[in-house]
Amino acid sequence: MVNLLTTESGFFLLLLLYSLGAIGSLFFRKKDELANGWQSFFAIIGSLWGIFFSISAFFTGNLSFVAYSSVFPLLSFSFHIDQLSAFFIFVISLITLFCSLYGIGYIKHYYKKYSISALGFFYHLFIIGMLMVVTASNGLFFLIAWEIMSIASYFLVVYDHNDVNNTKAGFLYLVMTHVGTAFIILAFLLMYKFTNSFDFESIQAQAVAIPVFIKNTIFILALIGFGTKAGIIPFHIWLPVAHPAAPSHVSALMSGVMIKTGIYMMIRLFLDILQPIPLWWGITILIIGSLSALLGVLYALTEHDIKKLLAYHSIENIGIILLGFGSALVFISLGNTLLALFGLGAALFHTLNHATFKSLLFLSAGSVINQTHTRNMEAYGGLIKYMPQTAFFFLVGSMAISALPPFNGFFSEWLTFQTLLQGMTSVNILVKSTFVLATGALAITGGLALACFVKAFGATFLARPRSTEVAHAKESSLSQLIGMGALALCCLLFGIFSGYLGSLFINIGTHLTVFRNISLPPILSSKINFIAPNNFGSVSALALIVFLILALFIVVLLVKFVINRNQKTKIGATWDCGTNLTPRMEITATGFARSIILIFAGILRPSIQNEIEYRDSKIRYFPKSRTVTLRTRDIYRLYFYLPLNKFITTLSVRAKAIQSGSINMYVFYILIAVAIALFLS
Amino acid sequence: MMIFIWILQLICVPALSPLCMGIIKKIKAKLQNRVGASIFQPYKDIWKLLHKDEVISTDASWVFRFAPFIIFATTIVIGASIPLFASFLKNTLTGDLLVVVYTLALGTFFLALAGMDTGSAFGGFGSSREMTISALAEGGLILALFTTALSIGTTNLFVISNAGMLLSTQFFLSTILAFIGFFIVLLAETGRFPFDNPATHLELTMIHEAMILEYSGKRLALMEWAAANKFFIFAALGANLFFPYGIAHSVDTQAIVIGIIILLIKIFILCAIVGIIESTMAKFRFFRLPDLLITSLILSALAIGLIQMQIL
């Protein structure tokens, strides 16, 4: 058992379990229940095994093996599992476990409508792809794994294919992810040209041989390539359409885990393989992180589609992760490896935390959508009375994502803030001002995220129902509640044990080559307090929770049972100013965010469209109906992607001139090409 | 002795906060040529409300019922996490600046949810306005507090106030700038002029009052008391972080008595400033408020820029 845990066979068992789930579910094409049972069983067993395997791999250290050397000299199916990979396997397995639990009950509403066995096949394939992405140590093999992950997730996005919006979203996702892959391939080819290898370790050994200019080019290519998958602005446009289209437990996996594979590869490349790196890489990532965080939350505020809102929050959180990671890169370039470790620790901690609370939010949103049959938040309202447990879990997720203590989101944001604070002490004016900007962006992002989740929770669960669908809503099934409840518990537990987890994650970095030679100060190992770099600050999660609960307990006790024992509580109607209260008088999600949108009108570019239909079209005196459409313009599509599209189309039209269609002409082209090739060689 | 001091620290905020409200109201009354109620009137109001029956809306869920307790409890926790009269109580567990900021945000979160819960148009718009202002204020607040943290080299509030070197020539300008930024946030977060009129129930302008409109009885008492606590917390932060004079540095009865008296004097000066501002200027239009908050952010960012120190 112990041997199995730490060897390559342990990892193959993991892949085997998921493969069984994938292939097995194909055999139950007509039997929906069996297909559901089969795939859930293997996903749960596989993810449980994955959790055990990753924890033991995390503590035992490096594991490197070649599974199969192919006939192609450059392609070998080789794996390398260090602590960083083990961490990501852990995150993937943890989220898969709860999403699969949730899936048992959730998938039921697809029975008879769509093929459950196809869902099972692609679901497992998707997880296998992610697992191989974070463990591959050969560039070509990595690209194969990356493609498996992308293609499988494409089929999951278009799973609900009767809705034409979903197939459109899937197409956009397919295009964007392949544009990203193209950039990644370019980056790998450039690295191959100067190191003669696709193997990550030999690239790392020869990274110094890469000229500075090429290295910078690789950075930009990889940043665009992996940034597209991670969803950084402005390469994010696929994310808010593709994530909502997938089934909710898959959206949870995509938002919680898949986009993190982009982060994983950035860490692998920039912090591990391509070291040493120039200062401006870190600065660039900090700026991109600030922009993604701030713009992500602003766009989230404009949304009233609940899943789109959550998808935009993924962009925001990727930004926050990049703030930690970017500061790690800056500190490395400045030669302060200890602080860099803290930055990396903050990024990894937030990766885990975002995975838990974002999948929790997607799952609870999925339950709500399942009951109300709409993603439009304006049609919800008052759901807390119909789905109390789901509401509670969504509340926990909202508090965690808004970085409210005592949940986990607060502690990773705390560490990110502390890391940024260290950067502000720099004497380099460029570094200092970048860090001040990043801190300001993070602070405002925190405030806006809070506003956004007051809006999301309030409009969805509080006040009175705004549509008849809500009144028919029932609480989610048991398996769904277990999945959500376990994630909510994780949000609290990761908060309570933040000191311990934080020091573990800070330790992950010490196994990367750049950090090999530094020893951590013993102060980090404190399990009660969560301590910041340079002893700058500390916080105890446990004490904070105990304080809060104690204070709450005393206040309730004093007010309810000591001071106020004999008073009566009457149930009455909300003050209605003498008219009948209708759901139309409640604030809507759009109305709630309108003032913030107007304040940031310069960035969000809101538009108002008034349409009035008249009873008498001639004198236009008596309007029959009025419509007001509030929109925000998609400036990326308008000013970046559409012109790009136009440019490529024009170029293609021009290129058509040489495609005459006659074979003779093409043979002549080949002749010219051969001549040029000969001449050049 | 230490236990006694801790108890004193714990009850300090809830015990003294209504007095602040009373003093501000008295100052405003005097400036309007009225006699005004006694400065102890807020205590009597809270006591009276605590003993009244209450009405709860049929639409309200547990969020509405539970929010006052949560909000009040957060102010108590923060009261124990900030330096009040003694800086030697080094609370390394929760005495961190970010803990205070985000625990305050926890209270704001539930306040805004409670406003939306009854489904009245007033509550909803109150919440929307409150969240707009507090979202924009957060940047200025964190950067202003970070200015002091960077000057001293720690984010622990007790250590910052213990160092007491902020107004030295080295940090003079940045402290003053950050304090102005902080003061703007204080006015915004505690719902004073020019952000909110605490005395109005006019639906066009009210923010805080709109959110707690549906509350009555003991829950209203807790809400009002928690709002007073929040004001006291902000005033104490301003007094002890930016002007850390007179705070007790050692376990010594005389030092502590002096500490309490000086804290009261500093807070009363801040109350007087707030009272005078409320009597002499008009409330701003809602869409002019962001300008003020962005000013606060920029001032604090400037303050950080002015700090010269070297750790890296």
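In what follows, every chain begins at residue 1, and chains take the letters A, B, ... in the order their sequences are listed.
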Asker: Highest number of heavy-atom pairs under 4.5 Å with chain B: which of A:V454, A:L448, A:L301?
Answerer: A:V454
Asker: Given a strict heavy-atom distance threshold of 4.5 Å, which part of A:C577 is in contact with chain B: side chain, backbone, both, or neither?
Answerer: side chain
Asker: Pick one of side chain, backbone, both or neither for B:V63, based on which atoms fall under 4.5 Å of a heavy atom in chain A.
Answerer: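 Answer is side chain: those atoms of B:V63 sit under 4.5 Å from chain A.
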Asker: Between CZ of B:F72 and CG of B:N229, what distance do you get to the nearest 0.5 Å?
Answerer: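 Spacing of CZ (B:F72) from CG (B:N229) equals 5.0 Å.
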Asker: If you tally heavy-atom pairs under 4.5 Å against chain A, which of B:L222, B:T118, B:N156 wins?
Answerer: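 Option with the top pair count is B:T118.
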Asker: Identify which part of B:L141 has an atom lying under 4.5 Å from any heavy atom of chain A, answering side chain, backbone, both or neither.
Answerer: neither
Asker: Below 4.5 Å, heavy-atom pairs only: which of B:L143, B:L136, B:V99 has the largest tally toward chain A?
Answerer: B:V99
Asker: Can you confirm whether more than 12 heavy atoms, excluding those of B:F125, are under 6.0 Å from its CZ atom?
Answerer: no
Asker: Please identify, among B:L297, B:T74, B:L98, B:I76, the residue contributing the most non-hydrogen atom pairs under 4.5 Å to chain A.
Answerer: B:L98
Asker: Return the option, out of B:I56, B:I70, B:V77, B:T94, with the maximum number of heavy-atom pairs under 4.5 Å with chain A.
Answerer: B:I56
Asker: Are there more than 12 heavy atoms of other residues, nucleotides or ligands under 6.0 Å from atom OH of B:Y43?
Answerer: yes
Asker: Contact part of B:I142 toward chain A, heavy-atom cut-off under 4.5 Å: side chain, backbone, both or neither?
Answerer: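 B:I142 touches chain A through side-chain heavy atoms alone.
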Asker: Ignoring hydrogens and angles, state whether a donor on the side chain of B:T155 or A:Q418 is under 3.5 Å from an acceptor on the partner side chain.
Answerer: yes
Asker: Please indicate whether A:F553 has more than 12 foreign heavy atoms, meaning atoms of other residues, nucleotides or ligands, lying under 6.0 Å from its CZ.
Answerer: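 Incorrect, the count does not exceed 12.
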Asker: Whether B:R219 engages the ring of B:Y215 as a cation-pi pair (distance to the six-membered ring centre under 6.0 angstrom, angle to the ring normal within 45°) should be assessed.
Answerer: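 Cation-pi check for B:R219 and B:Y215: fails.
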Asker: Side chain from CB out, backbone as N, CA, C, O: work out which of these in A:I384 comes under 4.5 Å of a heavy atom of chain B, or both, or neither.
Answerer: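 It is the side chain, since no backbone atom gets that close.
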Asker: Out of A:V436, A:I444, A:L450, which one racks up the most heavy-atom pairs below 4.5 Å with chain B?
Answerer: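 Going by pairs under 4.5 Å, I would pick A:L450.
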Asker: Using a 4.5 angstrom heavy-atom cutoff, name the option from A:R464, A:E586, A:R594, A:M585 with the most pairs to chain B.
Answerer: A:R464
Asker: Less than 6.0 angstrom separating the ring centers of A:F331 and A:F435, yes or no?
Answerer: yes
Asker: Could you tell me which portion of A:F407 (side chain, backbone, both or neither) has an atom closer than 4.5 angstrom to a non-hydrogen atom of chain B?
Answerer: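 When you check distances to chain B, no heavy atom of A:F407 falls under 4.5 Å.
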Asker: Regarding B:T108 and B:E130, do their side chains bring together a donor and an acceptor under 3.5 Å, going by distance alone?
Answerer: no
Asker: Answer with side chain, backbone, both or neither: which region of A:F547 has an atom nearer than 4.5 Å to a non-hydrogen atom of chain B?
Answerer: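 For A:F547, heavy atoms of backbone and side chain both lie under 4.5 Å from chain B.
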Asker: Most heavy-atom pairs under 4.5 angstrom with chain B, which of A:P405, A:G458, A:G335?
Answerer: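 The residue among A:P405, A:G458, A:G335 with the greatest pair count is A:P405.
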Asker: Going from CZ on B:F109 to CG on B:L111, what distance comes out if it is rounded to the nearest 0.5 angstrom?
Answerer: 11.5 Å
Asker: What option among A:S595, A:A391, A:A551, A:A543 has the most heavy-atom pairs under 4.5 Å with chain B?
Answerer: A:S595
